[in-house]
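Before any comments, here is the structure.
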2 protein chains.
Amino acid sequence: MADERQLTRRGRERRDKLLAHATSRFAENGFHPTSVSEIVDSVGVGKGVFYWYFESKDQLLEEILREALRSLRSHQAAAIADAADPLHRLEAGIRASIEWSVANTDVLRLVMFGWSEETFAEVLRKGRDIVVTDTARLIEQAVDLGQIMGGNPTMMANAIRAIIDELGREYALSTRNHATGSPSGDAPPVDPEMVETAVRMCLHGLHG
Amino acid sequence: MADERQLTRRGRERRDKLLAHATSRFAENGFHPTSVSEIVDSVGVGKGVFYWYFESKDQLLEEILREALRSLRSHQAAAIADAADPLHRLEAGIRASIEWSVANTDVLRLVMFGWSEETFAEVLRKGRDIVVTDTARLIEQAVDLGQIMGGNPTMMANAIRAIIDELGREYALSTRNHATGSPSGDAPPVDPEMVETAVRMCLHGLHG
DNA sequence: GAGACACTTGACCGGTCGGTCAAGAGAGGT
DNA sequence: ACCTCTCTTGACCGACCGGTCAAGTGTCTC
């Protein structure tokens with residue numbers, strides 16, 4: 001598929017359906033073990049359709065990863081809009097990120113995979129840097145206001161992202177309950193204790 | 001290869017060499033894109049040799065992952081032996097884990113991959129649970145002694161492991177400098193600021 | 001030197017996979 | 001009715017991959 005094709009509404013719907021099914025199949029079986037034939041079969045179309053909408057299997061995954069970043073950031077942006085000061089914005093961002101992680105466990109698995117191959121790791125690095133920069137900026141502001149102690153903002157932001165990613169995963173990858181079959185958005189329950197622990201660890205560490 | 005074969009010294013050396021080369025090739029190219037032929041070629045032996053020492057490509061990766069856990073735990077155990085109280089043991093364990101991560105960036109990439117496929121994720125879950133339980137026990141002890149605030153020890157332990165894993169990765173996966181070519185143990189420099197940030201985030205969070 | 005056993009070789013096999021393409025089908029516009 | 005452009009089909013292809021195996025070679029023991 002060329003960079004940008006003129007899609008009709010029917011076309012856009014097909015494309016989205018392929019994206020959704022691919023995400024769910026990849027998450028369940030792994031990227032390489034899932035063949036393109038498997039994806040198109042699960043949607044019920046011929047193989048050519050896939051290559052009408054996507055350049056290649058790799059490019060499809062790259063798009064899934066990029067779209068995930070876009071979705072996460074917009075979720076964060078919406079969440080921190082109301083908060084007044086940097087510290088509260090940080091906390092709101094943390095909560096929003098956890099919510100997003102729990103709601104997108106499929107994508108989290110793909111992110112894990114992505115880090116294991118250079119092609120995708122490059123995409124993820126760029127995305128990660130953007131999110132970390134966002135957070136680091138908030139940390140700097142909070143430091144300037146004397147709300148928290150100083151330090152290397154980038155590293156601190158990375159630590160926060162780490163907690164979010166991994167605590168989210170505790171409920172995402174540990175149990176094997178990612179979307180079985182069709183990608184129906186079954187809102188998973190967010191464990192409040194987990195969220196509070198994550199927030200507390202980000203803000204106060206072990207000393208609570 | 002059967003469960004346990006009687007290996008001569010030469011045999012054990014061959015096996016180790018295959019393990020090391022496989023780890024480095026997997027980390028550089030990804031697990032699936034790296035063929036068994038590529039591995040044996042890089043060692044300079046015939047393909048049959050691989051299947052003399054390992055049951056399958058999958059079983060090889062499982063062994064790499066299990067061995068990684070063993071190595072990490074023994075590194076941790078050695079580090080916390082001297083520390084007197086639980087809190088200092090925690091800190092020593094954190095430092096040891098970061099050192100290990102930075103010294104084993106190749107394996108870290110494989111761990112990322114492992115989470116993306118059920119077969120390997122199962123192995124990783126077991127390993128992760130062991131490490132988390134170790135840490136959670138220390139946290140409980142520290143809480144009992146009033147050294148830190150209470151909470152869900154398992155979740156807190158997960159948060160700590162998260163920080164370690166990810167901050168370690170900042171220097172492992174972000175830059176593309178994993179062992180190029182033969183797996184020569186080139187001790188990488190550990191950034192002291194990174195270690196201190198990680199320790200501080202684990203203990204005190206953003207509030208420093 | 002003969003036998004036993006650890007190890008090595010590399011051609012070979014069945015199967016799968018990503019990707020192509022010639023041939024059309026649908027749908028809108030005029 | 002006819003053209004155009006989006007979309008769909010599915011057989012087909014070349015490449016490659018994990019794994020096998022019959023036929024060896026090296027090395028130790030007695």
Side-chain angles (χ1 to χ4, degrees), chain A residues 1-23 25-26 28-64 110 113-114 116-120, chain B residues 1-23 25-26 28-64 110 113-114 116-120:
Chain A
M1 173 196 181
D3 248 347
E4 276 310 320
R5 217 193 265 286
Q6 202 56 262
L7 297 182
T8 64
R9 191 153 72 89
R10 180 157 140 261
R12 259 177 280 124
E13 278 164 9
R14 260 270 200 279
R15 193 167 195 279
D16 288 348
K17 201 167 180 184
L18 279 167
L19 262 167
H21 274 79
T23 302
R25 302 301 297 149
F26 286 160
E28 199 161 339
N29 296 340
F31 178 72
H32 288 292
T34 301
S35 65
V36 172
S37 311
E38 201 179 327
I39 296 168
V40 295
D41 283 356
S42 87
V43 177
V45 296
K47 206 172 180 180
V49 172
F50 184 94
Y51 289 94
W52 174 259
Y53 293 108
F54 304 100
E55 262 174 27
S56 67
K57 202 186 164 191
D58 279 18
Q59 185 259 335
L60 164 65
L61 179 56
E62 284 177 35
E63 179 162 338
I64 291 174
L110 299 193
F113 167 77
S116 76
E117 291 185 25
E118 243 328 281
T119 326
F120 310 117
Chain B
M1 172 196 182
D3 247 347
E4 277 308 322
R5 217 193 267 286
Q6 202 56 260
L7 297 183
T8 64
R9 189 153 72 88
R10 179 157 139 263
R12 259 176 280 124
E13 278 163 10
R14 257 286 142 75
R15 193 167 195 279
D16 288 348
K17 202 168 179 183
L18 280 168
L19 260 167
H21 274 80
T23 304
R25 302 301 298 150
F26 286 161
E28 199 161 339
N29 296 340
F31 178 72
H32 287 294
T34 302
S35 65
V36 173
S37 312
E38 202 179 325
I39 296 168
V40 294
D41 283 356
S42 86
V43 177
V45 296
K47 206 172 180 179
V49 172
F50 184 94
Y51 290 93
W52 176 260
Y53 292 108
F54 304 100
E55 262 173 28
S56 68
K57 202 186 163 190
D58 279 19
Q59 185 260 334
L60 163 65
L61 179 56
E62 284 177 35
E63 179 162 336
I64 291 174
L110 299 193
F113 167 78
S116 76
E117 290 186 26
E118 246 326 284
T119 328
F120 310 119

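Proteins come first, then strands; the chains are lettered A, B, ... in the order of their sequence lines, and each starts at number 1. Only heavy atoms go into these numbers, but all of them, side chains included; no hydrogens, no water, no symmetry mates.
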- Quick one: B/W52 CH2 to C/dC5 P, roughly how many Å, whole number? 11 Å
- Task: With DNA chain C as reference, determine whether B/R10 or B/K47 sits nearer its 5' end, using the nearest nucleotide of each.
- Result: B/R10
- Task: Nearest whole angstrom, please: distance from the P of C/dG15 to the NE2 of A/H32.
- Result: 23 Å
- Side-chain ion pair, B/E13 and B/R9, N-O less than 4.0 Å: yes
- Item | B/E117 vs A/F113 side-chain heavy atoms within contact, under 4.5 Å | no
- Select base, sugar-phosphate, or nothing to describe what B/G11 touches, counting heavy atoms under 4.0 Å on all strands. sugar-phosphate
- Return the value, rounded to whole Å, for the distance between atom CG of A/D41 and atom P of C/dT16. 13 Å
- Note on the structure: Assert: residue with more 5' nearest nucleotide on DNA chain C, out of A/D58 and B/R9, is B/R9
- Task: Taking the side chain as every heavy atom from C-beta outward, state whether A/H32 and B/P33 have any atom pair closer than 4.5 Å.
- Result: yes
- Rounded to whole Å, CG of B/L18 lies from C1' of C/dC7 at a distance of 12 Å
- Note on the structure: Taken to the nearest whole Å, CG/A/N29 to P/C/dC17 is 11 Å
- Message: With a 4.5 Å cut-off on side-chain heavy atoms, are B/R15 and B/E63 touching?
- Response: yes
- Respond yes when some side-chain nitrogen or oxygen of B/Y51 is under 4.0 Å from OP1 or OP2 of C/dT9, and no when none is. no
- Nearest-Å distance, CZ (B/R15) to P (C/dA6)? 15 Å
- In whole angstrom, give the distance that lies between atom CZ of A/F31 and atom P of C/dC17. 13 Å
- Task: Report the distance from atom CZ of A/F26 to atom C1' of C/dC17, rounded to the nearest whole Å.
- Result: 13 Å
- Item | Out of C/dC7, C/dG18, C/dT8, whichever nucleotide has its closest atom nearest the side chain of B/V49 | C/dT8
- Item | Student check: side-chain heavy atoms of A/E38 and A/N29 closer than 4.5 Å | yes
- Task: Give one of base, sugar-phosphate or nothing for A/K57, where a contact means two heavy atoms less than 4.0 Å apart.
- Result: sugar-phosphate
- Which nucleotide of DNA chain D is the first, and which the last, in the 5' to 3' direction, to come under 4.0 Å of a heavy atom belonging to chain B? D/dC17 to D/dC21
- Task: Report yes if the side chains of B/L60 and B/Y53 come closer than 4.5 Å at any heavy-atom pair, otherwise no.
- Result: no
- Could you check if a side-chain atom of A/D58 sits within less than 4.5 angstrom of a side-chain atom of A/F31, using non-hydrogen atoms only? yes
